[in-house]
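Before any comments, here is the structure.
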Amino acid sequence: MATLPTPATIIGGPISPYVRKVLAVCEMKGVPYQVDPIVPFFGDDRFSELNPLRRIPVYIDDQVSVSDSTVICEYLEERFPTPALLPQGAAERARARWIEEFADTRMGDVFIWRIFYEAVINPFIWQRPRDKERIARAVADELPEIMAHLERLSPASGFLFGGISIADISVAVFFRNLAWARVEIDRDRWPHTHGWVERTAGIPALAKITRIADTLAQTPLPQHRRVAAELGLPLTDSTVAAAAPRRGPMTVSNP
Ligand SMILES: N[C@@H](CCC(=O)N[C@@H](CS)C(=O)NCC(=O)O)C(=O)O
């Protein structure tokens with residue numbers, strides 16, 4: 001069990017795959033945490049000061065205030081090395097980091113910005129109609145290349161580097177957002193990826209966070225804090241949530 005003088009604060013709700021990655025790592029390493037489960041775009045001015053990019057997650061503890069899920073997870077790995085979530089050896093560690101980067105960038109582009117954004121964020125945050133044609137185009141034109149790459153990487157059993165690692169978690173988290181956007185992956189076309197993602201999603205730390213996120217994904221925004229608390233997510237006393245959404249400097253303008 002990792003120890004901290006007071007629980008770490010994680011700003012960002014678990015509907016974000018990047019937040020789920022960080023929460024799963026905290027769970028696995030036993031890092032005590034509390035969450036301010038804001039939805040992207042809803043941060044106030046204090047949030048802009050904490051992260052000028054206005055992106056979730058933000059992580060704060062007795063020593064750091066940092067953003068970006070990869071930076072946060074690497075910090076947690078160095079400060080709380082057990083259990084290790086990076087493999088042993090420079091080459092394997094570099095491979096794991098590259099898979100994490102592929103997930104955060106290219107899967108983020110397509111799964112989040114092109115599909116989830118259009119299916120969920122546009123109608124529920126910006127009150128703009130969902131463009132089903134654009135979703136269909138992303139699924140037909142962009143998803144297969146990513147899936148083909150993952151299928152080549154996927155282990156037929158177990159995880160990429162033996163035990164579970166940050167690389168497995170980083171990839172698996174994106175598939176839940178696809179499900180919330182009502183996009184199904186063809187199991188017959190990408191069977192190894194399907195099996196690998198299911199195995200990773202089933203590890204207790206990630207399954208626990210995903211169950212909470214599943215409910216929040218069906219919950220109106222003003223009730224997120226109350227429902228998250230009822231589901232057992234430890235919450236911060238205060239929030240940096242604002243009443244209305246605003247675009248950040250990195251918000252993709254036309255995903
Ligand atoms: N590379 C960042 C990406 C974080 C990110 O894109 N978060 C999204 C939510 S899933 C966000 O806050 N978007 C708001 C915006 O871009 O304006 C990480 O790994 O943490």
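One-based numbering, in listed order, for ligands and for the atoms of each.
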Closest approach of any protein heavy atom to [atom], naming residue and atom:
atom	answer
atom 16 (O) of ligand 1	R55 NE, 2.8 Å
atom 17 (O) of ligand 1	T251 OG1, 2.5 Å
atom 9 (C) of ligand 1	P40 CG, 3.7 Å
atom 4 (C) of ligand 1	I56 O, 3.3 Å

For this session: Using distance alone, determine whether S69 and ligand 1 share an N or O pair under 3.5 Å.
Result: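 For ligand 1, there is an N or O atom that lies under 3.5 Å from one belonging to S69.
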
Exercise. Out of R134, R106, R137, which residue meets the salt bridge (Lys or Arg N to Asp or Glu O under 4.0 Å) rule with E142?
Worked result: R106

Between [Y] and [X], is the closest basic N to carboxylate O distance under 4.0 Å?
X	Y	result
E151	R189	no
D104	R97	no
D68	R55	no

For this session: Give the ring-plane orientation class for F174 versus Y18, where under 30° counts as parallel, over 60° as perpendicular and anything between as tilted.
Result: perpendicular

Exercise. Does any donor atom in the side chain of D168 or S165 lie under 3.5 Å from an acceptor atom in the other side chain?
Worked result: yes

Exercise. Which ligand 1 atoms does P57 reach within 4.0 Å, using its non-hydrogen atoms?
Worked result: 20 (O)

For this session: Output the list of atoms in ligand 1 that are nearer than 4.0 Å to some heavy atom of S16, sorted by atom number.
Result: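 Counting from 1, the qualifying ligand atoms are 9 (C), 10 (S).
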
For this session: Answer with side chain, backbone, both or neither: which part of R54 has a heavy atom less than 4.0 angstrom from an atom of ligand 1?
Result: backbone

Problem set entry | Option nearest atom 1 (N) of ligand 1 (shortest heavy-atom distance, choices I15, V22, V58, D68) |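 It is D68 whose heavy atom sits nearest to atom 1 (N) of ligand 1.
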
Problem set entry | Heavy-atom nearest option to atom 5 (C) of ligand 1, drawn from Y18, W113, F41 | Y18

For this session: State, to 0.1 Å, how close L206 and T200 come at their nearest heavy-atom pair, and which atoms those are.
Result: CD2-O, 3.8 Å

